[in-house]
Amino acid sequence: MDEPVTPIHKEKKCIVFMTCLTRLLSWCHCPDCGSVGICHNVIGSLLVITLSCASCFKKVTWNSQPYIGSTPAGNILLPASILLALATISSRTYFRHQRSVLLPVV
Ligand SMILES: [Zn+2]
């Protein structure tokens, strides 16, 4: 994978809905025969898309984010952003809200 020009923590990030991404990927076809199959795998905040051709067996894999070492960058940056955003409340308040509001929804 190419090294990013912009440092990872300064690069713009987006939330992408799967239906919207699938709509975009429907435009992708095998450059040799025009066929393509799409499968995806989710690893935390990382989305891995694999496009594979059932006719000529060519395959390409795309990751939705770069890695920091062996960890998807989002899987480090997301909890870091939560931790930093919650620096203004106490951990007791955080866990109280998590227990009383968030967990019942989950
Ligand atoms: Zn093909």
Side-chain angles (χ1 to χ4, degrees):
M1 181 176 284
D2 296 334
E3 289 295 318
V5 175
T6 304
I8 289 173
H9 66 284
K10 291 185 177 179
E11 187 174 341
K12 283 189 173 184
K13 295 137 189 92
C14 302
I15 294 174
V16 178
F17 283 64
M18 198 63 192
T19 51
C20 297
L21 185 59
T22 301
R23 194 176 315 133
L24 174 65
L25 291 172
S26 70
W27 285 85
C28 296
H29 300 285
C30 175
D32 293 336
C33 69
S35 169
V36 73
I38 300 170
C39 67
H40 72 275
N41 189 22
V42 175
I43 305 168
S45 64
L46 170 68
L47 174 64
V48 179
I49 299 285
T50 302
L51 302 173
S52 57
C53 178
S55 299
C56 66
F57 305 108
K58 287 188 175 177
K59 186 182 286 191
V60 65
T61 299
W62 173 83
N63 294 325
S64 64
Q65 53 189 255
Y67 278 72
I68 299 174
S70 60
T71 305
N75 292 353
I76 294 173
L77 297 175
L78 182 61
S81 68
I82 292 169
L83 177 66
L84 296 173
L86 294 177
T88 57
I89 64 172
S90 69
S91 60
R92 191 177 80 187
T93 302
Y94 169 78
F95 287 113
R96 181 168 37 91
H97 289 316
Q98 183 183 54
R99 184 177 53 253
S100 64
V101 178
L102 301 176
L103 292 180
V105 174
V106 174

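All values derive from a computational prediction rather than experimental measurement.
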All N/O donor-acceptor pairs, side-chain side in residues 37-52, below 3.5 Å, sequence neighbours left out:
| from | atom 1 | to | atom 2 | distance (Å) |
| --- | --- | --- | --- | --- |
| S45 | OG | Q65 | NE2 | 3.4 |
| S45 | OG | N75 | N | 3.3 |
| S45 | OG | N75 | OD1 | 2.6 |

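The hydrophobic cluster containing L102 does not contain I82, counting ILVMFWY residues as joined when their side-chain heavy atoms lie under 4.5 angstrom apart, directly or transitively. Residues V60 and L24 are members of one and the same hydrophobic cluster, defined by side-chain heavy-atom contacts under 4.5 angstrom among Ile, Leu, Val, Met, Phe, Trp and Tyr. Cluster membership check: W62 shares its hydrophobic cluster with V16, using side-chain heavy-atom separations under 4.5 Å among Ile, Leu, Val, Met, Phe, Trp and Tyr.
Interatomic distance, H97 NE2 to R92 CZ, rounded to the nearest 0.5 Å: 11.0 Å. Rounding to the nearest 0.5 Å gives a distance of 10.0 Å between NE2 of H9 and CD1 of I68. Note that CG of L83 and OG of S91 are 10.5 Å apart. Values are rounded to the nearest 0.5 Å. Considering OG of S81 and CD1 of I76, their distance stands at 12.5 Å, rounded to 0.5 Å. Rounding to the nearest 0.5 Å places CD of E11 at 7.5 Å from CD1 of I8.
Distance alone, capped at 3.5 Å, places no donor-acceptor pair between the K59 side chain and the F57 backbone.
Taking K58 as the reference, D32 meet the side chain to side chain donor-acceptor pair (under 3.5 Å) condition, with sequence neighbours excluded.
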Evaluate the side chain to side chain contact (heavy atoms under 4.5 Å, CB included) criterion for residues C30 and S55: first the C-alpha distance (whole Å), next the side-chain angles of each, then the deciding distance (0.1 Å), finally the verdict.
-> CA-CA 9 Å; C30 175; S55 299; over 6 Å; no

